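Remarks on the structure that follows.
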Amino acid sequence: MRLIHDIKEPVRVLALAGEIDLHYAPILTILLEEKTPVPAETLVLDLSEVTFIDSSGIAAIIAYLRSATRAARTFCIGGMSEAVNTIFEVIHLAKAMPLFATREAALDAIEKNQIAEPARPLFHAAGD
């Protein structure tokens, strides 16, 4: 896995390339949960140059989704390679979080405040 770029303003865009597997999932977690005094309110994860993602990479994304949702932050995927898109379709990730074909489409939806709530959340808040 390679970090292509990490743009911080006004929306954080984290673009990755290569394979996200058991060896790189902990690094993905660190990148997603970047510790800053003021965490980004909106994060777009661009996977358009990722050639493979395994269950550990998906778990890191879902863990961050849970964290972002609880903190009322916006998180979406903006750009997926064909391989990643196929995997996300199989696991129905689009039902749990916003997925966009391109980074530009995600940024446009954010700018227009058109990020929809997931059709089926992956988890429920305590007491639900």
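This one's a predicted model, so the numbers in the text were calculated from it and none came from an experiment.
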### Message
Within the 4.5 Å heavy-atom criterion, are Leu16 and Leu31 side-chain neighbours or not?
### Response
yes
Next on the checklist: Would you say that Leu3 contacts Leu14 through its side chain, given a criterion of any heavy-atom pair below 4.5 Å between the two side chains?
Outcome noted: yes
### Query
Do Ile91 and Val50 sit in the same hydrophobic cluster, where Ile, Leu, Val, Met, Phe, Trp and Tyr count as joined when their side-chain heavy atoms come under 4.5 Å apart?
yes
Looking only at heavy atoms, the pair that brings Cys76 and Met97 closest together is CA-CE, 3.9 Å
**Asked** Does any non-hydrogen side-chain atom of Ile61 lie less than 4.5 Å from one of Leu28?
**Response** yes
Heavy atoms of Ala60 and Leu32 approach each other most closely as O-CD1, 3.8 Å
Linking I/L/V/M/F/W/Y whenever any side-chain heavy atoms sit under 4.5 Å apart, do Leu65 and Ile27 land together? yes
Run the numbers on Ile87 and Asp54 for side-chain contact (heavy atoms from CB on, under 4.5 Å), then give the verdict. CA-CA 9 Å; Ile87 292 167; Asp54 72 3; over 6 Å; no
| query | Is the shortest heavy-atom distance from the side chain of Arg73 to the side chain of Tyr64 under 4.5 Å? | reply | yes
Rounded to the nearest 0.5 Å, the CG atom of Leu47 sits from the CZ atom of Arg103 at a distance of 11.0 Å
- Query: So, Asn85 side chain and Phe88 main chain: donor-acceptor pair closer than 3.5 Å or not?
  - Reply: no
In this structure, CD of Glu111 is separated from CD of Glu104 (nearest 0.5 Å) by 12.5 Å
query = Under 6.0 Å from the CD atom of Glu82, do we count more than 12 heavy atoms belonging to anything else shown?
reply = no
OG1 (Thr102) and CD1 (Ile77) are apart, to the nearest 0.5 Å, by 13.0 Å
Please check if Val13 and Met80 belong to a single hydrophobic cluster, counting links between Ile, Leu, Val, Met, Phe, Trp and Tyr side chain heavy atoms closer than 4.5 Å.
no
Can you confirm whether Phe100 sits close enough to Ile115 that some side-chain heavy atom of one is under 4.5 Å from a side-chain heavy atom of the other? yes
request  = Would you indicate whether the side-chain heavy atoms of Glu41 and Thr74 approach each other to under 4.5 Å?
outcome  = no
In this structure, CZ of Arg12 is separated from CZ of Phe75 (nearest 0.5 Å) by 10.0 Å
Between Gly57 and Ala25, the two heavy atoms sitting closest are N-CB, 4.0 Å
ask   = Quick one: do Val11 and Ile7 end up in the same hydrophobic cluster if we chain Ile, Leu, Val, Met, Phe, Trp and Tyr together by side-chain heavy atoms under 4.5 Å apart?
value = yes
Value for CG (Asp21) from OG (Ser55), rounded to nearest 0.5 Å, stands at 10.0 Å
- Task: Flag the pair Asp46 / Ile4 as yes when at least one side-chain heavy-atom distance between them is below 4.5 Å, and no otherwise.
- Result: no
What one should report as the nearest heavy-atom pair of Lys8 and Glu34 is NZ-OE2, 3.0 Å
Would a single hydrophobic cluster contain both Ile110 and Leu43, if residues Ile, Leu, Val, Met, Phe, Trp and Tyr are joined by side-chain heavy-atom contacts under 4.5 Å?
no
